[in-house]
There are 2 protein chains.
Amino acid sequence: MSKQLKEHIGKFTNIKENDLVQILKYFKNVSYGKKENLMVEGQICKYHFFVLKGCLRKFYINDHGVEQTTEFAIENWWITDHMAFERQRKTDFYIQAVEKTDLLMIDFKSQENLLNEYPQMERYFRFIYQRGFAALQMHLKHFSNFSKEEIYHMFAKVQPEFVKRVPQYLLASFLGFTPEYLSEIRAKKRS
Amino acid sequence: MSKQLKEHIGKFTNIKENDLVQILKYFKNVSYGKKENLMVEGQICKYHFFVLKGCLRKFYINDHGVEQTTEFAIENWWITDHMAFERQRKTDFYIQAVEKTDLLMIDFKSQENLLNEYPQMERYFRFIYQRGFAALQMHLKHFSNFSKEEIYHMFAKVQPEFVKRVPQYLLASFLGFTPEYLSEIRAKKRS
DNA sequence: CGGATCGTTGATCAACTTCAACGGTCGTGG
DNA sequence: CCACGACCGTTGAAGTTGATCAACGATCCG
């Protein structure tokens with residue numbers, strides 16, 4: 001079942017099959033149903049998650065009591081509250097399944113042991129973070145450069161499956177505006 | 001002169017002194033004067049920079065022809081256009097010295113060689129990216145949670161030296177609003 | 001000393017939010 | 001398998017936030 005992570009690691013490193021089999025033992029395979037929480041505000045952020053199949057979202061509750069989505073994770077994405085994970089602190093975030101989701105999880109201690117036992121994995125995680133970082137920087141650039149209307153259209157163009165897959169109010173929350181306004185933008189386009 | 005990078009690497013790894021001396025040879029030591037460009041739009045993004053002393057900023061020219069600052073780097077920070085650096089593509093960004101700045105630079109090929117020769121450096125860069133990524137995520141969270149006025153006050157509280165160090169119009173550009181509005185916010189507070 | 005750059009102020013304007021109300025649809029229990 | 005309630009998307013009116021434009025004063029640097 002986790003050929004998937006093996007393949008993903010294989011893309012960035014040339015770790016041997018034998019080692020990969022051992023590496024997989026550090027992970028726990030679990031499933032969550034729609035709207036189930038994997039992580040909630042106030043808990044120590046214990047785990048790092050890798051999505052095998054499905055979709056997760058990370059959000060926090062803002063000052064007006066509204067859920068603000070900051071990140072989605074679909075197949076082959078890693079997700080956690082990195083700040084809290086690295087320091088093993090309490091998190092401000094929730095991570096929730098948008099649909100039924102199968103995933104691998106690893107706790108902080110195990111991840112550290114894994115990196116010590118298999119230092120080649122440093123390279124793998126270096127890539128994961130490097131890409132995540134680069135992607136976020138692009139994201140931030142777009143946010144500052146374009147109006148919310150443009151952001152929606154660009155996103156819809158680049159990630160059409162995504163727009164179909166997640167409910168509209170979550171998309172609005174992720175893109176940083178109200179469901180009403182998103183609805184208006186879509187109406188404008190149709191006419 | 002580059003005890004500084006050695007110490008920084010030492011914080012995250014336990015690479016031996018001998019190796020560190022060799023590692024430093026991969027870097028070139030240079031200085032730039034105020035307003036000099038280290039990188040300009042349209043060039044291949046060749047280098048990764050480490051600030052020893054001074055201050056750099058990364059910006060792009062937006063659709064209205066206005067410079068939009070997306071990142072500052074001060075002592076012990078790494079900076080580049082990661083997306084373009086990783087793929088050795090053309091960049092959309094400028095990197096410019098805000099004040100006279102001493103730094104170390106490494107080109108992509110050398111960084112790859114360095115990582116191959118000294119795989120322990122994977123760990124170092126894994127940490128650099130991990131922290132950068134986590135910091136950006138926090139930044140993004142703040143941006144979505146607070147009004148621009150609140151963002152300014154929070155930033156001024158957390159990074160007071162910064163507010164004094166960079167001119168106001170750059171700060172406004174970084175925080176994502178107009179110099180006029182920043183001026184208004186400051187006036188409000190004074191009264 | 002003089003010009004260019006930077007910060008300030010005020011008026012007007014556009015983008016986006018908030019609030020309230022309504023209709024459709026999805027899924028759950030009877 | 002139907003009915004009901006909860007949830008979701010839509011619409012429109014009114015209200016805010018922050019941008020834009022123009023003009024002026026201060027300051028920095030050659």
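Letters A, B, ... are given to chains in the order of the sequence lines, protein chains preceding strands, and every chain is numbered from 1.
- Sequence order on DNA chain D of the closest nucleotides to B:K34 and B:Y181 puts B:Y181 first from the 5' end.
- With rounding to whole Å, B:K188 atom NZ is found 9 Å from D:dT17 atom C1'.
- Between A:H48 and A:F85, the closest side-chain pair of non-hydrogen atoms falls below 4.5 Å.
- Across the protein-nucleic acid pair, B:Y152 atom OH and D:dG18 atom C1' stand 17 Å apart, rounded to whole Å.
- Between the CG atom of B:L170 and the C1' atom of C:dG7 there is a distance of 13 Å, given to the nearest Å.
- Of all heavy-atom pairs spanning A:P179 and A:Y169, the tightest one is CG-CB, 4.3 Å.
- Here the P atom of nucleotide D:dT17 and the CD1 atom of B:I151 are 14 Å apart, to the nearest Å.
- Each of A:S147 and A:E180 lies near DNA chain C, and the nucleotide nearest A:S147 is the one positioned closer to the 5' end.
- Spacing between atom NZ of B:K35 and atom C1' of C:dC6 amounts to 10 Å, rounded to whole angstrom units.
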Practice problem: Please report the C-alpha distance between B:V51 and B:L56 in whole Å, then the side-chain angles of each, then the deciding distance to 0.1 Å, and finally whether the side chain to side chain contact (heavy atoms under 4.5 Å, CB included) criterion is met. | Solution: CA-CA 8 Å; B:V51 177; B:L56 303 176; 3.7 Å; yes
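- Straight-line distance from the CD atom of B:Q168 to the P atom of C:dT5: 18 Å, rounded to whole Å.
- Note on B:E17 versus B:K6: salt bridge recorded, some NZ/NE/NH1/NH2 to OD/OE distance being below 4.0 Å.
- Distances from the side chain of B:R186 to the nucleotides D:dG18, C:dT8, D:dT10 place C:dT8 closest.
- Under 4.0 angstrom from either OP1 or OP2 of D:dA19 there lies at least one side-chain N or O belonging to B:T178.
- Look at NZ on A:K148: it is 18 Å from P on D:dT16, rounded to the nearest Å.
- The interatomic distance linking A:I185 (CD1) with D:dT10 (C1') rounds to 14 Å, in whole Å.
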